Student: 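Below is one structure. I have some questions about it.
Numbers here simply count residues along the sequence, with the first being 1. On a predicted model such as this, the values are computed, not experimentally measured, just so you know.
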Amino acid sequence: MGIAERLSLRAWLRAPGSLTERLKRHGRFEVELLRQGPARLRAPERRQLGLPRRGCTLVREVLLRVDGRPLVWARSSLHRSALCGPWKALKGLGRRPLAELLYADPRVSRSLLQPRRLAVQGATRRQMQRQWQQATGDTAPRAMLWSRHSVFQRRGALLRVMELFHPDVAHLAPYPGTRRPTLRTLAQASRRPSRP
């Protein structure tokens with residue numbers, strides 16, 4: 001990944017608001033639900049959510065696709081007790097984007113976005129690689145290391161969201177009005193014969 005791509009990906013890592021809305025501007029957006037159920041929290045999740053007073057924790061993992069291409073692997077985690085309260089709508093979310101819950105309610109607040117480079121052999125990246133292979137039939141790119149996370153709060157209940165970006169996202173514009181190609185124009189350009 002060159003310097004320009006790294007800078008462009010950095011813009012996505014720091015772009016506020018809904019990632020779903022930003023991706024929708026580049027084509028047909030879909031959520032593929034990979035897993036939702038009880039699971040142990042990873043160390044960064046425990047640091048931000050704390051240990052549950054009772055019960056267990058819930059994890060939701062998805063692929064975000066644009067025009068069929070997987071571009072983001074996302075993992076959301078929360079204490080299961082929050083499903084009986086402020087985050088109960090998460091139970092029936094299915095293939096709908098989490099953004100529907102996060103940005104429609106003015107009572108939801110969000111922490112600062114925290115960009116982070118994942119460890120190549122870390123547990124989160126290994127989990128992503130397994131699910132990526134199962135969902136797409138392809139190996140996840142080795143350069144798929146940059147993520148961001150933040151914590152959403154509603155009536156005192158916390159929900160942590162981590163998003164891991166495919167390197168191709170760096171070729172897309174995160175802000176409206178910037179001149180960057182869409183996935184469609186990138187695909188068309190790759191099919192055109194190169195000029196001598």
Side-chain angles (χ1 to χ4, degrees), residues 9-49 57-79 82-83 87 89-104 108 110-119 122-136 138 140-141 143-154 158-170 172 174 183:
L9 191 54
R10 188 178 300 166
W12 278 93
L13 293 170
R14 298 191 180 279
S18 169
L19 176 62
T20 292
E21 291 307 311
R22 292 184 190 284
L23 290 172
K24 280 180 176 178
R25 289 199 309 268
H26 295 284
R28 182 176 47 84
F29 177 82
E30 298 171 274
V31 176
E32 182 177 351
L33 180 61
L34 303 172
R35 176 176 76 143
Q36 181 168 319
R40 293 179 63 184
L41 295 183
R42 307 246 160 84
E45 295 166 328
R46 285 196 306 273
R47 280 195 297 274
Q48 291 181 308
L49 297 175
T57 52
L58 181 98
V59 166
R60 170 182 164 92
E61 291 162 333
V62 299
L63 272 185
L64 306 182
R65 294 177 178 262
V66 175
D67 291 338
R69 290 181 62 186
L71 292 178
V72 176
W73 180 85
R75 176 179 163 105
S76 308
S77 49
L78 71 161
H79 293 161
L83 288 175
W87 297 112
L90 188 68
K91 286 182 197 173
L93 196 61
R95 295 182 54 167
R96 291 181 297 138
L98 185 58
E100 289 183 11
L101 300 182
L102 303 179
Y103 298 100
V108 175
R110 185 186 199 179
S111 70
L112 290 174
L113 285 165
Q114 300 291 323
R116 181 171 174 245
R117 188 178 191 274
L118 295 185
T124 299
R125 192 156 190 288
R126 287 197 312 269
Q127 172 75 0
M128 177 276 294
Q129 286 175 310
R130 281 192 299 272
Q131 291 183 339
W132 191 278
Q133 178 81 43
Q134 290 169 355
T136 69
D138 291 325
M144 192 170 172
L145 295 168
W146 284 99
S147 70
R148 67 182 196 174
H149 64 267
S150 57
V151 176
F152 293 84
Q153 185 171 165
R154 185 173 187 265
L158 303 179
L159 169 67
R160 184 184 190 268
V161 177
M162 189 274 291
E163 298 148 335
L164 178 59
F165 291 81
H166 190 289
D168 283 355
V169 174
L172 305 176
L183 287 173

Student: Do you know the tightest heavy-atom contact between P70 and H166?
Tutor: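 Closest pair (atom of P70, atom of H166, distance): O-CD2, 3.9 Å.
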Student: Just wondering, do R154 and F152 contact through their side chains at under 4.5 Å, heavy atoms?
Tutor: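 Contact flag for F152/R154 side chains = no.
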Student: Do E61 and Q36 have side-chain atoms, one donor and one acceptor, less than 3.5 Å apart?
Tutor: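 No.
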Student: Can you check whether M162 reaches L164 side chain to side chain, under 4.5 Å on heavy atoms?
Tutor: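 Yes, their side chains come closer than 4.5 Å.
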Student: Nearest 0.5 Å, what's the CD-CD distance between Q114 and Q48?
Tutor: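 The CD atom of Q48 is 7.5 Å from CD of Q114, to the nearest 0.5 Å.
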Student: Would Q127 and R130 count as having a side-chain donor-acceptor pair, cut-off 3.5 Å?
Tutor: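 Distance-only check passes for Q127 and R130.
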Student: What's the separation between atom CZ in R125 and atom OG in S147, rounded to the nearest 0.5 Å?
Tutor: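 Answer rounded to 0.5 Å: 11.0 Å.
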Student: I need the T124 OG1 to W73 CH2 distance, nearest 0.5 Å.
Tutor: 6.0 Å
Student: Can you find a pair of side-chain heavy atoms, one from R60 and one from L93, that are under 4.5 Å apart?
Tutor: yes
Student: Would you compute the distance between atom CG of L118 and atom CH2 of W146 and round it to the nearest 0.5 angstrom?
Tutor: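 Answer rounded to 0.5 Å: 9.5 Å.
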Student: Less than 3.5 Å apart, which donor and acceptor atoms pair up between the side chains of residues 96-104 and the rest of the protein, not counting sequence neighbours?
Tutor:
residue: R96; atom: NH1; partner: E100; partner atom: OE1; Å: 2.9
residue: R96; atom: NH2; partner: G92; partner atom: O; Å: 3.3
residue: Y103; atom: OH; partner: G17; partner atom: O; Å: 2.9
residue: Y103; atom: OH; partner: R110; partner atom: NH1; Å: 2.9

Student: Do S76 and L159 make a side-chain contact, defined as non-hydrogen atoms from C-beta onward lying under 4.5 Å apart?
Tutor: yes
Student: Just how far is it from atom CZ of R14 to atom CG of L113, taken to the nearest 0.5 Å?
Tutor: 8.5 Å
Student: Please name all residues satisfying salt bridge (charged side-chain N to carboxylate O under 4.0 Å, His left out) with R42, sequence neighbours left out, ordered by chain then number.
Tutor: none
Student: Taking the side chain as C-beta and beyond, is there a heavy-atom pair between H149 and P44 under 4.5 Å?
Tutor: no
Student: Mark yes when over 12 heavy atoms from residues, nucleotides or ligands other than R35 sit less than 6.0 Å from its CZ; otherwise mark no.
Tutor: yes
Student: Do L63 and V72 have side chains that get closer than 4.5 Å, going by heavy atoms?
Tutor: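 L63 does not reach V72 side chain to side chain.
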Student: Using a strict 4.0 Å threshold on nitrogen-to-oxygen distance, state whether R28 and E30 make a salt bridge.
Tutor: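 Yes.
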Student: Just so I know, are the side chains of L19 and W12 near enough to count as touching, which here means a heavy-atom distance under 4.5 Å?
Tutor: yes
